[in-house]
Amino acid sequence: MTHRTAFDRRTVFPAPVRFRTVVVLAAALSLAACGSEPQPDSGGAELNRGLLSGAGAEAGSGSRSGADGSAGPLREVPLAELGFDRGSSEAPVRVIEMSDYGCGYCRRFHRETFPALREEFIESGMVEWKFVPYVTGMFDNSLAALRGAECTLEQSPQVFEDLDERLWREQPEWKGSDDPAGVVRTWAVSAGADADAFDDCIESGRRFERIAAAEQLARQLGVRGTPTFIVVGHGPLQGALPLETFRRVLRTVHREATTSGD
């Protein structure tokens with residue numbers, strides 16, 4: 001029997017004993033994560049349950065964040081609309097990744113670990129992976145990268161994938177640039193983005209509500225550093241952990257999800 005753990009119908013934190021055992025192992029390792037200042041809990045476990053429940057999966061609310069430097073009301077953005085989903089929507093295991101394009105440890109994860117996880121777990125239908133990039137405020141030029149990524153995602157998943165890969169691969173170039181927006185625009189067009197549509201997206205700021213909602217989601221889920229991985233229905237892992245640790249976690253959770261009730 002397969003028990004499907006959805007992004008929007010389960011709390012993220014209660015963890016079965018077997019999963020906790022693997023998490024303890026992961027915690028015993030030296031964490032490799034870009035740290036951040038502690039964020040307000042904004043409601044604790046009850047809010048987390050609400051975020052991931054069908055009745056209240058709203059990730060963004062209130063005023064526009066400092067991402068664009070302006071104020072104004074924002075539409076609440078459901079969690080299901082945030083980020084970029086990879087894999088089958090019918091996968092029994094769901095993972096939410098919270099990363100900042102400027103984070104070196106996030107880059108390490110995407111360059112060294114994620115390709116193997118993608119092939120083994122995502123493309124095989126075992127795991128659906130929601131990638132939610134957000135701006136932690138720790139890294140120069142990170143917002144320019146995220147704005148570009150959002151505006152390519154508006155056009156095409158494949159264009160987004162191509163730009164996303166390049167943002168990780170050549171992170172030092174745009175992070176150290178005096179014109180990061182120009183660098184990202186050039187790469188987006190090279191990846192296949194329509195230049196006029198891309199420019200209109202950037203200038204209109206219409207993707208800012210998603211960017212602000214992702215920041216709010218990170219605060220509400222108590223993310224303390226990047227990368228953070230939330231195994232929906234179980235709990236969080238933090239840092240660019242070794243590939244074998246990820247494999248043990250995902251295999252354990254998948255086994256529990258597919259044998260539940262047997």
Side-chain angles (χ1 to χ4, degrees), residues 29-37 65-68 82-86 95-119 122 129-193 195 198-199 201-202 207-208 210-212 214-215 217-218 223-230 237-243 245-246:
L29 298 171
S30 176
L31 292 182
C34 299
S36 63
E37 292 298 320
S65 78
D68 65 343
L82 290 179
F84 181 73
D85 295 340
R86 294 179 170 105
V95 175
I96 302 170
E97 174 198 346
M98 305 291 298
S99 285
D100 187 319
Y101 276 117
C103 169
Y105 290 115
C106 301
R107 178 178 187 264
R108 178 191 296 180
F109 168 77
H110 276 270
R111 297 289 294 153
E112 298 178 2
T113 304
F114 185 68
L117 295 181
R118 184 170 189 165
E119 179 179 0
I122 300 173
W129 194 281
K130 177 178 282 292
F131 168 52
V132 184
Y134 79 107
V135 176
T136 64
M138 296 178 61
F139 308 105
D140 292 340
N141 300 337
S142 185
L143 178 58
L146 181 50
R147 291 179 71 187
E150 281 285 347
C151 285
T152 56
L153 181 56
E154 182 180 80
Q155 293 193 32
S156 159
Q158 187 56 57
V159 174
F160 168 81
E161 289 270 25
D162 290 348
L163 178 62
D164 175 75
E165 193 280 331
R166 191 165 185 179
L167 288 172
W168 294 122
R169 185 179 74 243
E170 301 182 37
Q171 184 191 78
E173 183 171 343
W174 62 261
K175 279 184 71 173
S177 174
D178 292 332
D179 180 23
V183 172
V184 174
R185 182 187 185 278
T186 297
W187 293 353
V189 173
S190 177
F198 182 87
D199 291 342
C201 175
I202 293 292
R207 306 293 282 188
F208 269 125
R210 286 170 52 88
I211 294 172
E215 293 177 35
L217 176 65
V223 174
R224 298 292 189 267
T226 54
T228 289
F229 309 92
I230 299 169
L237 298 169
Q238 182 176 306
L241 300 171
L243 174 59
T245 300
F246 274 107

(message) Return the CE to CD distance between M98 and E215, rounded to the nearest 0.5 Å.
(response) 9.5 Å
(message) Can you confirm whether V95 sits close enough to L117 that some side-chain heavy atom of one is under 4.5 Å from a side-chain heavy atom of the other?
(response) no
(message) For E150, is there an ion pair with R210 - N to carboxylate O distance below 4.0 angstrom?
(response) yes
(message) So that I know where these two stand, are F229 and F131 an aromatic pair - ring centroids less than 6.0 Å apart?
(response) no
(request) Calculate, to the nearest 0.5 Å, the distance between atoms CG and CG belonging to L146 and N141 respectively. (result) 12.5 Å
(request) Would you confirm whether K130, through its side chain, and L82, through its main-chain N or O, come within 3.5 Å as a donor-acceptor pair? (result) yes
(message) Just to verify, what does R169 make a side chain to side chain contact (heavy atoms under 4.5 Å, CB included) with, not counting sequence neighbours?
(response) R111, E165, R166
(message) I want to check something: taking the side chain as every heavy atom from C-beta on, are T228 and E97 in contact at a cut-off of under 4.5 Å?
(response) no
(request) Assess the side chains of Y101 and D164: does a donor N or O sit below 3.5 Å from an acceptor N or O? (result) yes
(message) Could you check whether any side-chain N or O of T152 sits under 3.5 Å from a backbone N or O of A149, counting only pairs where one atom can act as donor and the other as acceptor?
(response) yes
(message) Please give me the minimum heavy-atom distance between S177 and V183, naming the atom from each residue.
(response) OG-CG2, 3.6 Å
(request) Verify the distance criterion only: is there a donor paired with an acceptor across the side chains of S156 and Q158 at less than 3.5 Å? (result) no
(request) Starting at CG of L143, measure out to CD1 of I211 and round the result to the nearest 0.5 Å. (result) 5.5 Å
(request) Could you tell me which non-hydrogen atom of G83 sits nearest to which non-hydrogen atom of P133, and how far apart they are? (result) CA-CD, 4.5 Å
(request) Find out whether I122 and F114 are in side-chain contact, i.e. whether some heavy atom of one side chain is under 4.5 Å from a heavy atom of the other. (result) yes
(request) State, with a plain yes or no, whether a side-chain heavy atom of D162 is found less than 4.5 Å away from one of W187. (result) no
(message) Between R107 (side chain only) and W168 (backbone N and O only), is there a donor and an acceptor less than 3.5 Å apart?
(response) yes
(request) Please report the closest heavy-atom contact between A214 and V132, naming both atoms and the distance. (result) CB-CG1, 3.8 Å
(request) Taking the side chain as every heavy atom from C-beta outward, state whether K175 and D140 have any pair of such atoms under 4.5 Å apart. (result) no
(request) Give, for atom CG of L163 and atom CZ of R185, the distance between the pair rounded to the nearest 0.5 Å. (result) 12.5 Å
(request) Decide if the gap between the ring center of W129 and the ring center of F84 is smaller than 6.0 angstrom. (result) no
(request) Taking the six-membered ring for Trp and the full ring for Phe, Tyr or His, determine whether the centres of Y105 and H110 are under 6.0 Å apart. (result) no
(message) Which heavy atom of C103 sits nearest to which heavy atom of F139, and what is that distance?
(response) CA-CZ, 3.6 Å
(message) Quick one about T226 and D100 (side-chain donor to acceptor, distance below 3.5 Å, no hydrogens or angles considered), yes or no?
(response) no
(message) Tell me whether T186 contacts the main-chain N or O of G182 through its side chain, where contact means a donor paired with an acceptor under 3.5 Å.
(response) yes
(request) Rounded to the nearest 0.5 Å, what's the gap from CG on L167 to SG on C106? Could you check? (result) 12.5 Å
(request) Please report the closest heavy-atom contact between G102 and Q171, naming both atoms and the distance. (result) C-NE2, 3.6 Å
(request) May I ask you to decide whether R86 forms a salt bridge with E161, counting only side-chain N to carboxylate O separations under 4.0 Å? (result) yes
(request) For the pair V223 and Q238, evaluate side chain to side chain contact (heavy atoms under 4.5 Å, CB included) and give the outcome as yes or no after the intermediate values. (result) CA-CA 9 Å; V223 174; Q238 182 176 306; 6.0 Å; no
(request) With rounding to the nearest 0.5 Å, note down the distance linking CZ in F160 to CD in E154. (result) 13.0 Å
(message) Any non-hydrogen side-chain atom of T113 less than 4.5 Å from a side-chain atom of F246?
(response) yes
